[in-house]
There are 2 protein chains.
Amino acid sequence: MLKETYSIFFGTLDNKYRFKIISLLREGSKNVTQICKVLNMNQTTVSHNLARLKTCGFVFVRNDGNERIYSLNSRTIKPLMKLIDEHMGTYCKKLCKC
Amino acid sequence: MLKETYSIFFGTLDNKYRFKIISLLREGSKNVTQICKVLNMNQTTVSHNLARLKTCGFVFVRNDGNERIYSLNSRTIKPLMKLIDEHMGTYCKKLCKC
DNA sequence: TTAGCATATGTTATAAATAACATATACTTA
DNA sequence: TAAGTATATGTTATTTATAACATATGCTAA
């Protein structure tokens with residue numbers, strides 16, 4: 001695996017808005033407009049960030065009329081979040097309080 | 001867990017040099033001078049990046065005379081790398097060829 | 001106790017990422 | 001097929017991160 005690969009992986013996840021989108025999609029699939037409303041985000045920003053999440057395989061899309069329904073790749077995201085929570089809980093208690 | 005927590009986690013890993021350091025430490029513990037030599041990196045850059053890796057609990061340090069021996073937190077890093085390799089291999093085959 | 005080596009930290013010019021504007025595309029209904 | 005709705009994409013000012021310089025700290029041995 002190339003080292004750039006990891007940069008793409010982590011770089012995509014290291015963003016407040018992309019993380020909010022992922023968190024929202026954990027509750028269920030949503031279209032772009034719904035994501036914009038719930039997160040109070042600009043549509044262009046949402047679409048740009050969804051594009052990057054999609055490129056990295058963190059979300060999937062399907063068309064429904066003129067809407068695009070985005071869903072989460074739980075197979076990766078779930079164990080990833082579990083790993084992070086465990087890590088931060090064990091090794092970074094002070095950081096988490098900030 | 002606060003969302004900033006994730007940003008610290010991913011932001012720390014999303015860096016070419018920090019990733020190189022992690023990769024090197026997977027082979028075994030090293031002091032700062034050794035890391036500088038092997039990776040052909042400036043000492044200040046190495047120390048700055050080690051500090052961040054340490055803050056996030058990705059590496060541990062112990063003193064040995066006037067040297068500092070850095071070792072990897074394999075408990076987090078190993079399953080994390082496995083997860084990424086599997087994810088990228090399954091969902092991002094095209095990306096990995098770039 | 002001082003000289004030298006190993007490492008850490010304060011600071012900042014430069015490089016890179018972000019967020020939003022402007023606009024394009026694509027689907028749908030009348 | 002025209003008009004409206006939903007979403008995507010090209011571009012760029014602004015924000016943020018990086019990398020290295022300068023320097024400080026801490027350990028060791030003479």
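All chains are named by letter (A, B, ...) in the order of the sequence lines, taking the proteins before the strands, and each is independently numbered beginning at 1. Basis for what follows: all heavy atoms, side chains included, without hydrogens, waters or symmetry-related copies.
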key: Those residues that, when tested against A/Leu83, pass side-chain contact (heavy atoms from CB on, under 4.5 Å) (two or more places apart)   =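 Result, side-chain contact (heavy atoms from CB on, under 4.5 Å) vs A/Leu83: B/Pro79, B/Leu80.
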
key: For A/Ser29, all residues meeting side-chain contact (heavy atoms from CB on, under 4.5 Å), sequence neighbours excluded   =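 Per chain and number, A/Ser29 pairs via side-chain contact (heavy atoms from CB on, under 4.5 Å) with A/Ile69, A/Ser71.
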
Could you go through nucleotides 22-25 of chain C and list every protein N or O atom that sits under 3.5 Å from one of its N or O atoms, giving the distance for each pair?
none

Please list each protein N or O that sits under 3.5 Å from an N or O in nucleotides 13-18 of chain D, with the distance.
| unit_1 | atom_1 | unit_2 | atom_2 | d |
| --- | --- | --- | --- | --- |
| D/dT18 | OP1 | B/Asn15 | ND2 | 3.4 |
| D/dT18 | OP1 | B/Arg18 | NH2 | 3.0 |
| D/dT18 | OP2 | B/Arg52 | NH1 | 3.3 |

Starting at [atom1] of [X], measure out to [atom2] of [Y] and round the result to the nearest 0.5 Å.
X	Y	atom1	atom2	result
B/Arg18	B/Ser23	CZ	OG	13.5 Å
B/Arg26	B/Met81	CZ	CE	6.0 Å
A/Leu13	A/Phe19	CG	CZ	8.0 Å
B/Ile35	B/Leu24	CD1	CG	6.0 Å

What is the distance, rounded to the nearest whole Å, between atom [atom1] of [X] and atom [atom2] of [N]?
X	N	atom1	atom2	answer
A/Asn40	C/dA20	CG	P	10 Å
B/Met41	C/dA6	CE	C1'	16 Å
A/Asp64	D/dT7	CG	P	10 Å
B/Leu53	C/dT7	CG	P	16 Å
B/Ile21	D/dA19	CD1	C1'	12 Å
A/Leu39	C/dT18	CG	P	17 Å
A/Arg62	C/dC27	CZ	C1'	16 Å
A/Leu50	D/dT9	CG	P	11 Å

inquiry  = Going by ring pair (Phe, Tyr, Trp, His ring centres under 6.0 Å), name the residues that satisfy it together with B/His48, two or more places apart in sequence or in a different chain.
reply    =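 Checked B/His48 against ring pair (Phe, Tyr, Trp, His ring centres under 6.0 Å); zero matches.
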
key: Angle of first-five versus last-five pair axes in the helix from C/dT1-D/dA30 to C/dA30-D/dT1, to 10 degrees   =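 Roughly 30°, once rounded to the nearest ten degrees.
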
key: Aromatic plane relationship, B/His87 with B/Tyr91 - under 30° parallel, 30 to 60° tilted, over 60° perpendicular   =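 Rings of B/Tyr91 and B/His87: tilted, as their planes differ by 30° to 60°.
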
Contact residues, residues 29-37 of chain B to DNA chain D [heavy atom, < 4.0 Å] =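 Contacts with DNA chain D under 4.0 Å: none.
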
query = What pairs with B/Lys78 under side-chain hydrogen bond (donor to acceptor under 3.5 Å, both in side chains), at least two apart in sequence or on another chain?
reply =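 Residues passing side-chain hydrogen bond (donor to acceptor under 3.5 Å, both in side chains) with B/Lys78: none at all.
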
Any residue meeting side-chain hydrogen bond (donor to acceptor under 3.5 Å, both in side chains) with B/Asn15, in chain and number order, not counting sequence neighbours =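 So B/Asn15 forms no side-chain hydrogen bond (donor to acceptor under 3.5 Å, both in side chains) with any residue.
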
task = Would you please test A/Phe9 and A/Phe58 for ring pair (Phe, Tyr, Trp, His ring centres under 6.0 Å) and show each step?
result = CA-CA 9 Å; A/Phe9 187 96; A/Phe58 294 125; 5.1 Å; yes

task = Provide the closest heavy-atom pair for A/Ile8 versus A/Cys56 in the form atom of the first, atom of the second, distance.
result =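 Closest heavy-atom pair between A/Ile8 and A/Cys56: CG2-SG, 3.4 Å.
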
query = What is the minimum heavy-atom distance between B/Tyr17 and B/Asn49, and which atoms define it?
reply =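 Where B/Tyr17 meets B/Asn49 most closely, the heavy atoms are CB-ND2, 4.0 Å.
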
Sequence neighbours excluded and cut-off under 3.5 Å, please list the side-chain donor-acceptor pairs for residues 60-67 of chain B, or say none.
| unit_1 | atom_1 | unit_2 | atom_2 | d |
| --- | --- | --- | --- | --- |
| B/Asn63 | OD1 | B/Arg68 | NE | 3.4 |
| B/Glu67 | OE1 | B/Asn31 | ND2 | 3.1 |

request  = Could you check which of D/dA6, C/dA20, D/dA8 has an atom nearest any side-chain atom of A/Glu67?
outcome  =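 Selected nucleotide: D/dA6.
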
ask   = Considering only side-chain heavy atoms of B/Arg68, which listed nucleotide, C/dT7, C/dC21, D/dA20, is closest?
value =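 Out of C/dT7, C/dC21, D/dA20, the nucleotide with an atom closest to B/Arg68's side chain is C/dT7.
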
key: Pairs touching residues 35-45 of chain B that satisfy side chain to side chain donor-acceptor pair (under 3.5 Å), sequence neighbours left out   =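 Residue pairs with at least one partner in residues 35-45 of chain B: B/Asn42-B/Thr44, B/Gln43-B/Ser47.
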
task = Tell me whether the OP1 or OP2 atom of D/dA8 has a side-chain N or O from A/Ser47 closer than 4.0 Å.
result =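 A/Ser47 to D/dA8 OP1/OP2: side-chain N or O found under 4.0 Å.
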
Please list, for nucleotides 1-5 of chain D, all pairs of protein and nucleotide N/O atoms separated by less than 3.5 Å.
| unit_1 | atom_1 | unit_2 | atom_2 | d |
| --- | --- | --- | --- | --- |
| D/dT5 | O2 | A/Asn66 | ND2 | 3.3 |

inquiry  = Using the rule side chain to side chain contact (heavy atoms under 4.5 Å, CB included), only one of B/Leu25, B/Val59, B/Leu72 pairs with B/Leu53; which is it?
reply    =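 That would be B/Val59.
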
